[in-house]
Amino acid sequence: MIAAAPLRVTEFTLQTGMIVFIFAVKTPLSVTAATSGNAALRESPRERQRERMTLDPQQARIVIVGAGQAGARAAEALRAAGHRGAVSLIGDEEHLPYERPQLSKAILVDRASNPVLVLQHQQWSDLDVALYTSSRAVAADLQRRVVGLANGQELAFDRLLFTTGTRVRRLPELDNGPLPVRYLRCMNDALALRQELQPGRRIALIGGGVVGLEVASAAIRRGCHVTIIEKAEGLLSQIGSGSLGQYLHQLHASKGAKIVCNAVAKRSTSRGLELDDGSFVPADLALAGVGVEPVTELAQQLGLDSQHGIRVTSSGATHADGIFAAGDVAEQWSRSHDRWMRIENWANAQNQAIATAKSMTNLATAYDAPSWFWSDQYDANIQVVGNPAGGEEIVRGDVGAGRFVTISVRDGEVVGGITVNSARDMAVLRRLVASRKPVRKSELENPALELKRLLAA
């Protein structure tokens, strides 16, 4: 069977807050790659195994499943590393690959905000990457080395990269109730939510994590009445910093948000949410941000270690020959946390994917950078590196004034830190966590000491 040509974008418009992509099936971006890939489908597994043993890695056919930021940056990095073989990028959304942080920030606040795309459609064509949008990969065969799409197409590969990301955890007890419940994971979710954030509307945010708090900030800026419902004792509790939780509570309350902690939404009515303590939160709309789970169905078909994500080495490789994973779906070893974990942030989705792409071309590239992310809420900038809960917390600055730094020290080593409205200090903290330089607690507690001096010690 000759695989159909990938969809290529021919027009992009933004109208009344909605994104419209117009696609047309045209000549494949790489005719040679398409025909050679289908010839491989007729070969036996033994013949293909012999070919792989002698194949120039720069000529390998690479299929990337997942066209988010990790998949897109990996495809771009493959070409930057000199890879000459066919590259196919499969995504189930109709949009071109885009960056996700905007979904709970600029897209919600600014009605005229355009999505930030990883690359424009002409750039994809220039890279000679076969980009399949609105396409869902439903099967993978390690013996035949093919990925099957929902429309019946099969794409042959020599090396396969999973960048399938995560999906939101849902609340079935609320989904079928009379109150509208929304989730925020993709561009269409953000565009739909943007239309809902109208002045005077009552918005209940279930979950006081990063997504919930950023949406709270956007909703209040749009004139909505906001209630934040969090089952833990404080906001952003997963970070493990009492100082940060205290600051965030103060920040959101000062902007008009109502904050209910130690509470769980149990049932919805047409007027709002009933909580497990018997109280009631009036609402016109609820947004649930209660975490995500990795998309690993295809990895499970291949027998990969994927109970909590697809486990990979520092080069992004799985235990299966020629199979890799990157981004939110990849379970990596975190030295700061001293455990295997998925790292769900923009920096990892980009940088670990780039390193993995290089490794796929036999340019062995280990990636072990500490986790780092940021969150913009109102006019505040919060950044987190490593594992703030992993050691004794030292606070520098004034939490009440909204400008401070926390540094977490374990066995004389900085394993994590937080900055609030102090981006310059975060640049130093990231280097300290990565360097593993020994530090003295007394030096960190000295407010007169400039942190950058520790790097030269």
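Atom set for the values below is all heavy atoms of this structure, side chains included, hydrogens, waters and symmetry mates excluded.
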Next on the checklist: When you compare the side chains of N188 and E94, does any donor N or O come within less than 3.5 Å of an acceptor on the partner?
Outcome noted: yes
Next on the checklist: The test is side chain to side chain donor-acceptor pair (under 3.5 Å); show your working for Q377 and S217 and say whether it passes.
Outcome noted: CA-CA 5 Å; Q377 299 172 31; S217 171; over 6 Å; no
Item to check | Side chains of W346 and Q69, donor plus acceptor under 3.5 Å | outcome: yes
Item to check | Minimum heavy-atom distance between A286 and L179, given as atom pair plus value | outcome: CB-CD2, 4.0 Å
Next on the checklist: Please enumerate all residues that pass salt bridge (Lys or Arg N to Asp or Glu O under 4.0 Å) together with E443, with sequence neighbours excluded.
Outcome noted: R440
Next on the checklist: In the structure I gave you, are the side-chain heavy atoms of L454 and V428 within less than 4.5 Å of one another anywhere?
Outcome noted: no
Checklist entry - Roughly how far, to the nearest 0.5 Å, is CD1 of I310 from CD of Q307? => result 13.5 Å
Next on the checklist: What's the separation between atom CG in L191 and atom CD1 in I107, rounded to the nearest 0.5 Å?
Outcome noted: 6.0 Å
Item to check | Check: T296 and T164 side chains under 4.5 Å, non-hydrogen atoms | outcome: no
Checklist entry - Which atom pair, heavy atoms only, marks the closest approach of A77 to A357? => result CB-CB, 3.8 Å
Next on the checklist: Between D328 and R185, does any NZ, NE, NH1 or NH2 come within less than 4.0 Å of an OD or OE carboxylate oxygen?
Outcome noted: yes
Next on the checklist: For a 4.5 angstrom cut-off between non-hydrogen side-chain atoms, does I228 reach H252?
Outcome noted: yes
Item to check | Inter-residue atom distance I394.CD1 - L444.CG, 0.5 Å rounding | outcome: 4.5 Å
Next on the checklist: Pair Y367, S315 - check side chain to side chain contact (heavy atoms under 4.5 Å, CB included), show working.
Outcome noted: CA-CA 6 Å; Y367 182 82; S315 63; over 6 Å; no
Checklist entry - Quick one: does R222's side chain have a donor or acceptor within less than 3.5 Å of a partner on L197's backbone? => result yes
Checklist entry - Could you give all pairs that pass the ring pair (Phe, Tyr, Trp, His ring centres under 6.0 Å) test and reach residues 402-449, with sequence neighbours left out? => result Y247-F404
Item to check | Polar side-chain atom of R396 near backbone of E445 as donor-acceptor pair, under 3.5 Å | outcome: no
Item to check | Plane angle bin for W372 and W374 - parallel if under 30°, tilted between 30 and 60°, otherwise perpendicular | outcome: tilted
Next on the checklist: Measuring only between side-chain heavy atoms, which start at C-beta, is E230 closer than 4.5 Å to V260?
Outcome noted: no
Next on the checklist: Main chain of E331, side chain of R311: is a donor-acceptor contact present, judged purely on distance under 3.5 Å?
Outcome noted: no
Next on the checklist: In the structure I gave you, are the side-chain heavy atoms of R403 and V420 within less than 4.5 Å of one another anywhere?
Outcome noted: no
Checklist entry - If we only count heavy atoms from C-beta on, is the V215 to L108 side-chain gap below 4.5 Å? => result yes
Item to check | T406 side chain to V395 backbone, donor-acceptor under 3.5 Å | outcome: no
Next on the checklist: For the CG atom on D411, are there more than 12 heavy atoms of other groups (residues, nucleotides or ligands in this structure) within a distance under 6.0 Å?
Outcome noted: no
Checklist entry - Are any of the side-chain nitrogens in R182 or E196 under 4.0 Å away from the carboxylate oxygens of its partner? => result yes
Checklist entry - Is the closest side-chain donor-acceptor distance between N381 and Q383 under 3.5 Å? => result yes
Next on the checklist: Taking the six-membered ring of Y183 as reference, does the cationic atom of R170 (NZ for Lys, CZ for Arg) lie under 6.0 Å from its centre and within 45° of its axis?
Outcome noted: yes
Next on the checklist: Whether the side chain of R267 engages the backbone of L275 through a donor-acceptor N/O pair (distance < 3.5 Å, no angle test) should be reported.
Outcome noted: no
Checklist entry - Are side-chain heavy atoms of I229 and V281 found at a separation under 4.5 Å? => result yes
Checklist entry - Would you call R202 and D284 a salt bridge, taking side-chain N to carboxylate O under 4.0 Å as the test? => result yes
Next on the checklist: Using the rule given for side chain to side chain contact (heavy atoms under 4.5 Å, CB included), can you reason through I203 versus T227, listing the C-alpha separation, both sets of side-chain angles and the distance that settles it, and then say yes or no?
Outcome noted: CA-CA 6 Å; I203 310 297; T227 302; over 6 Å; no
Item to check | Close side-chain approach of L161 and V63, heavy atoms under 4.5 Å | outcome: no
Checklist entry - Does the side chain to side chain contact (heavy atoms under 4.5 Å, CB included) test come out yes or no for D338 and V415, once each step is laid out? => result CA-CA 10 Å; D338 197 32; V415 295; over 6 Å; no
Next on the checklist: For the residue pair N345 / S371, report whether a side-chain donor-acceptor contact shorter than 3.5 Å exists.
Outcome noted: yes
Checklist entry - Hey, mind stepping through L142 and R145 against side chain to side chain contact (heavy atoms under 4.5 Å, CB included) and telling me if it holds? => result CA-CA 5 Å; L142 194 56; R145 309 295 278 196; 3.3 Å; yes
Next on the checklist: I'd like to know if the side chain of S125 and the backbone of Q123 have a donor-acceptor N/O pair within less than 3.5 Å.
Outcome noted: no
Checklist entry - Would you find a donor on one side and an acceptor on the other, under 3.5 Å apart, between the side chain of Q250 and the backbone of G400? => result yes
Checklist entry - Between R167 and E297, does at least one N-O distance fall below 4.0 Å, as a salt bridge requires? => result yes
Checklist entry - What's the spacing between I382 CD1 and L244 CG if we round to 0.5 Å? => result 6.5 Å
Item to check | Heavy atoms from other residues, nucleotides or ligands near NZ of K358 exceed 12 (cutoff 6.0 Å) | outcome: no
Item to check | Pair R100 + E344: basic N to acidic O under 4.0 Å | outcome: no
Item to check | Ion pair check, D92 and R136, cut-off under 4.0 Å | outcome: no
Item to check | Minimal non-hydrogen separation, G234 against C261, with atom names | outcome: CA-SG, 4.1 Å
Item to check | Atom pair CZ (R221) and CG (D110), whose distance is rounded to the nearest 0.5 Å | outcome: 9.5 Å
Next on the checklist: Which heavy atom of S243 sits nearest to which heavy atom of V399, and what is that distance?
Outcome noted: O-CG1, 3.7 Å
Checklist entry - Would you find more than 12 non-hydrogen atoms of other residues, nucleotides or ligands less than 6.0 Å from E173 atom CD? => result yes
Checklist entry - Quick check: are there more than 12 heavy atoms from other residues, nucleotides or ligands sitting under 6.0 Å from CZ of R410? => result yes
Checklist entry - Is there a donor-acceptor contact under 3.5 Å from the side chain of R79 to the main chain of H83? => result yes
Item to check | Donor on one side chain, acceptor on other, E393 and S241, under 3.5 Å | outcome: yes
Checklist outcome for this item: To the nearest 0.5 Å, atom CG of L429 lies from atom CG of L451 at 6.0 Å
Checklist entry - Side chain of R159, backbone of M360: donor and acceptor closer than 3.5 Å? => result yes
Item to check | Main-chain N/O of P388 paired with S408 side-chain donor or acceptor, under 3.5 Å | outcome: yes
Next on the checklist: So for atom CG, which belongs to D398, do other residues, nucleotides or ligands contribute more than 12 heavy atoms lying within a distance under 6.0 Å?
Outcome noted: yes
Checklist entry - Sequence neighbours excluded, which residues qualify as side chain to side chain donor-acceptor pair (under 3.5 Å) partners of Q198? => result R111
Checklist entry - Do you know the tightest heavy-atom contact between L302 and A140? => result CD2-O, 3.5 Å
Next on the checklist: Salt bridge check, R335 against E413: does any charged N sit closer than 4.0 Å to a carboxylate O?
Outcome noted: yes
Next on the checklist: Quick check: closest heavy atoms across L171 and A288, and the distance to 0.1 Å?
Outcome noted: CD1-CB, 3.7 Å
